[in-house]
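Labels below follow one simple rule: chain letters A, B, ... track the order of the sequence lines, proteins then strands, and each chain is numbered from 1. What you see below is based on every heavy atom in this structure, not just the backbone, and it leaves out hydrogens, waters and symmetry mates.
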There are 4 protein chains.
Amino acid sequence: MNGPGHNSVSVEELLQLIERWEHLNIEKRDIADCQKEVMAEAKGRGYDTKVIRKLIAERKRDAGDMAEEEAVLELYREAIRMQTGPRNQPTNGDT
Amino acid sequence: MNGPGHNSVSVEELLQLIERWEHLNIEKRDIADCQKEVMAEAKGRGYDTKVIRKLIAERKRDAGDMAEEEAVLELYREAIRMQTGPRNQPTNGDT
Amino acid sequence: MNGPGHNSVSVEELLQLIERWEHLNIEKRDIADCQKEVMAEAKGRGYDTKVIRKLIAERKRDAGDMAEEEAVLELYREAIRMQTGPRNQPTNGDT
Amino acid sequence: MNGPGHNSVSVEELLQLIERWEHLNIEKRDIADCQKEVMAEAKGRGYDTKVIRKLIAERKRDAGDMAEEEAVLELYREAIRMQTGPRNQPTNGDT
DNA sequence: GGAAGGAGCAGACGCC
DNA sequence: GGCGTCTGCTCCTTCC
């Protein structure tokens with residue numbers, strides 16, 4: 001009842017999408033395993049993994065804060081532009 | 001002041017471990033982005049991503065269940081053997 | 001200095017919330033202890049607690065699967081309706 | 001082939017044990033729901049639940065630390081006794 | 001030491 | 001397009 005080009009194609013492409021997603025997930029798992037290995041190595045060398053995780057979290061926050069600071073600065077710049085721009089580009093007299 | 005055997009070495013290797021971990025994390029993020037792209041493509045082709053996620057979860061469960069079922073069956077067999085085996089095996093004389 | 005309306009009120013209600021939560025947690029611990037007792041009793045009567053845990057897990061899965069299956073079926077039905085309904089219902093002229 | 005008092009009894013008591021355990025589990029779930037309500041109420045009153053969780057974790061740690069401190073103190077006392085006791089109870093001259 | 005359960009967190013979806 | 005909510009995942013702790 002269904003000729004070619006009907007939803008059998010959809011099923012095929014749906015499966016391909018799903019399998020692509022699943023394959024990517026496998027890669028993620030592999031990388032996570034590598035991370036566990038790194039932690040294991042750290043522990044093997046006598047480091048406290050809990051402390052290391054704290055350090056990583058801190059670094060992450062620091063990186064994030066830098067970005068956030070930038071965003072805030074940009075926000076302020078924009079706010080300033082909205083005040084100075086519309087009003088007159090004002091005190092600048094060298095036009 | 002920083003000859004061999006100082007703790008600057010420890011700091012260095014600690015940093016290397018952390019950076020290796022962070023780099024792996026970046027790779028994970030990239031792959032996660034790819035997954036988002038896949039989902040976006042699916043959505044673009046008219047699929048319901050919620051359903052797709054359900055399907056993926058189902059497939060995952062199915063895969064897991066196969067292995068688990070075997071384990072459970074083995075466990076039960078063992079449990080039954082522990083009950084029937086010792087009790088009936090040797091002293092059973094009504095053959 | 002600490003009349004009504006100060007933030008000491010907030011501290012008080014915050015503490016109450018926290019303590020309510022903690023008290024509930026204690027109750028949970030108590031119940032968990034009861035569960036341990038049940039298991040200990042089972043073991044004392046000669047049952048294999050490992051098998052019992054598997055049985056419980058199975059019963060849990062069975063119960064969960066019933067509900068979930070319904071949800072998934074409903075989801076799929078809805079997805080199918082979204083595909084077949086709009087596409088074929090009105091403008092379909094090739095009959 | 002099995003008269004009364006055989007393993008049909010075991011099945012019954014096994015089921016009772018399992019159901020007792022499951023009932024306790026339900027109670028735990030209920031309490032967990034109450035905890036969620038507490039958190040929801042806290043959020044409704046404008047508190048940051050994340051901070052609250054941190055506070056609870058701290059209090060937990062503090063409580064644990066008190067006990068741990070006691071344990072450490074006891075350990076030290078024991079160590080001191082092992083040093084002073086065997087050697088001579090000696091230099092104590094007020095006998 | 002290994003597994004099961006719970007807690008915490010990040011990502012994804014829906015609303016505004 | 002950003003925010004709030006919510007589910008799912010991972011990690012950690014506890015128990016066996």
Lys/Arg N to Asp/Glu carboxylate O, B:E58 vs B:K54, below 4.0 Å: no
For atom CE of B:M39 and atom C1' of E:dG11, their distance in whole Å: 12 Å
Whole-Å distance separating the CD1 atom of C:I56 from the P atom of F:dC15: 17 Å
Base, sugar-phosphate, or nothing: which does A:K36 touch, judged by heavy atoms less than 4.0 Å apart? nothing
Closest of E:dC9, E:dG5, E:dC13 to the D:K28 side chain is E:dG5
Side chains of A:E27 and B:E27 in contact at under 4.5 Å (non-hydrogen atoms): no
With heavy atoms under 4.0 Å as the rule, sort D:K43 into base, sugar-phosphate or nothing. sugar-phosphate
Can you tell me how far P of F:dC6 sits from NZ of B:K54, to the nearest Å? 16 Å
Expressed as a whole number of angstroms, how long is the span from D:R59:CZ to E:dA7:P? 17 Å
Would you indicate whether D:E19, at its atom CD, is surrounded by more than 12 heavy atoms from other residues, nucleotides or ligands within a distance under 6.0 Å? yes
For D:N25 and E:dG5, what is the distance between atoms CG and C1' respectively, to the nearest whole Å? 10 Å
Take atom CD of D:E58 and atom C1' of E:dG8, then tell me their distance rounded to the nearest Å. 16 Å
Roughly how many Å is it from CG in B:D48 to P in E:dG14, rounded to a whole number? 8 Å
B:E68/C:R61 salt bridge by N-O under 4.0 Å criterion: yes
Base, sugar-phosphate, or nothing for B:K60, non-hydrogen atoms under 4.0 angstrom? sugar-phosphate
Does C:R53 or D:A32 map to a spot on DNA chain E nearer the 5' end, using the closest nucleotide for each? C:R53
Tell me whether the OP1 or OP2 atom of F:dC16 has a side-chain N or O from C:T49 closer than 4.0 Å. no
Please classify the nucleic acid contact of B:R29 as base, sugar-phosphate, or nothing, using heavy-atom distances under 4.0 Å. sugar-phosphate
Give one of base, sugar-phosphate or nothing for B:K50, where a contact means two heavy atoms less than 4.0 Å apart. nothing
Run the salt bridge (charged side-chain N to carboxylate O under 4.0 Å, His left out) check on C:R77 and C:E74 step by step: do they pass? CA-CA 5 Å; C:R77 286 193 203 102; C:E74 191 53 36; 2.8 Å; yes
For C:R61 and E:dA4, give me the distance from atom CZ to atom C1', rounded to whole Å. 14 Å
